[in-house]
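Notes for the one structure printed next.
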Amino acid sequence: MKVKELMNPTIFTIDSEKSLFEAFKVMNHKGVKRVFVRVDENIDGVITYRDLAHLFFEKGVFELMDVTLKDVSTKEILTIDENADVTHAAQMMLHADVSGLLVIDEQKNAVGVISQTDILRALVKG
């Protein structure tokens with residue numbers, strides 16, 4: 001099965017100048033575990049629930065009041081081609097200890113997101 005068959009075509013993004021709290025609100029409101037950070041119209045990073053939990057635990061809420069997403073987002077975004085096999089996506093996630101990958105097309109345009117949940121859902125459906 002190909003990644004494009006299971007991916008979610010909706011990519012939730014947030015401006016890099018927004019606060020950590022704004023990212024948390026988007027994730028909570030949309031029911032997602034990650035949002036991609038954009039500078040202008042380009043995806044420049046990613047922030048996840050796990051990142052936020054780690055930051056809040058490590059630094060505390062008050063130390064992070066003036067921190068923007070551009071300061072803390074992960075810049076190395078793992079991507080996978082939409083035509084790649086889902087098994088390869090699962091292997092990448094396991095190896096990198098991440099829960100999702102940005103899906104790109106042949107022109108390197110972002111076209112969706114595939115998560116561990118997407119793969120598990122497909123396995124359960126059989």
Note to self: Is the shortest side-chain heavy-atom distance between Asn83 and Glu106 below 4.5 Å?
What the structure shows: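 Yes, at least one pair of side-chain atoms sits under 4.5 Å.
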With rounding to the nearest 0.5 angstrom, report the [atom1] to [atom2] distance, [X] to [Y].
X: Lys4; Y: Ile80; atom1: NZ; atom2: CD1; value: 13.0 Å
X: His95; Y: His88; atom1: NE2; atom2: NE2; value: 10.5 Å
X: Leu101; Y: Asp81; atom1: CG; atom2: CG; value: 12.0 Å
X: Leu6; Y: Thr117; atom1: CG; atom2: OG1; value: 12.0 Å
X: Leu69; Y: Lys18; atom1: CG; atom2: NZ; value: 9.5 Å
X: Ile119; Y: Met93; atom1: CD1; atom2: CE; value: 3.5 Å

Margin query: Check whether Lys70 reaches the backbone of Asp15 with its side chain - one donor and one acceptor, N or O, closer than 3.5 Å.
Written below: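 Here the side-chain-to-backbone pair does not exist.
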Next item on the list: Without swapping roles, check the side chain of Asp105 against the backbone of Gln107 for a donor-acceptor pair under 3.5 Å.
Entry: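 Checked: pair present.
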Margin query: Does atom CZ (Phe21) have a neighbourhood of more than 12 heavy atoms from anything else shown, all under 6.0 Å?
Written below: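 Incorrect, the count does not exceed 12.
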Next item on the list: Step through the shown structure and confirm whether more than 12 heavy atoms of other residues, nucleotides or ligands are within 6.0 Å of CG on Asp66.
Entry: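 Incorrect, the count does not exceed 12.
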Give the cluster check for [X] versus [Y]: same hydrophobic cluster or not, with ILVMFWY residues linked at side-chain heavy-atom distances below 4.5 Å.
X: Leu64; Y: Ile47; value: yes
X: Val46; Y: Ile43; value: yes
X: Ile77; Y: Leu52; value: no
X: Leu78; Y: Leu94; value: no

Nearest atoms (heavy-atom pairs only) where [X] meets [Y]:
X: Val111; Y: Met7; answer: O-CE, 3.3 Å
X: Ser16; Y: Thr68; answer: O-CB, 3.6 Å
X: Leu102; Y: Gly112; answer: CD1-O, 3.5 Å
X: Ile11; Y: Ala110; answer: CD1-CB, 3.7 Å
X: Ile114; Y: Ala89; answer: CG2-CB, 4.4 Å

Checklist line | Steps toward side-chain contact (heavy atoms from CB on, under 4.5 Å) verdict (Phe12, Val113) | finding: CA-CA 9 Å; Phe12 292 102; Val113 178; over 6 Å; no
Checklist line | Worked check of side chain to side chain donor-acceptor pair (under 3.5 Å) between Ser73 and Lys75 | finding: CA-CA 6 Å; Ser73 63; Lys75 301 296 185 207; 3.1 Å; yes
Margin query: Strictly by side-chain hydrogen bond (donor to acceptor under 3.5 Å, both in side chains), give each pair with a member in residues 23-32 just once, sequence neighbours left out.
Written below: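 Found Glu22-Lys25.
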Next item on the list: Can you tell me which residue pairs pass the side-chain hydrogen bond (donor to acceptor under 3.5 Å, both in side chains) test with a partner in residues 53-65, sequence neighbours excluded?
Entry: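 Pairs touching residues 53-65 that pass the test: His54-Glu58.
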Please table the atom pairs, donor to acceptor, closer than 3.5 Å between any side-chain atom in residues 32-40 and protein atoms at least two apart or in another chain.
unit_1	atom_1	unit_2	atom_2	d
Arg34	NH2	Ser99	O	3.2
Arg34	NH2	Ser99	OG	2.6
Arg38	NH1	Thr13	O	3.4
Arg38	NH1	Thr13	OG1	2.8

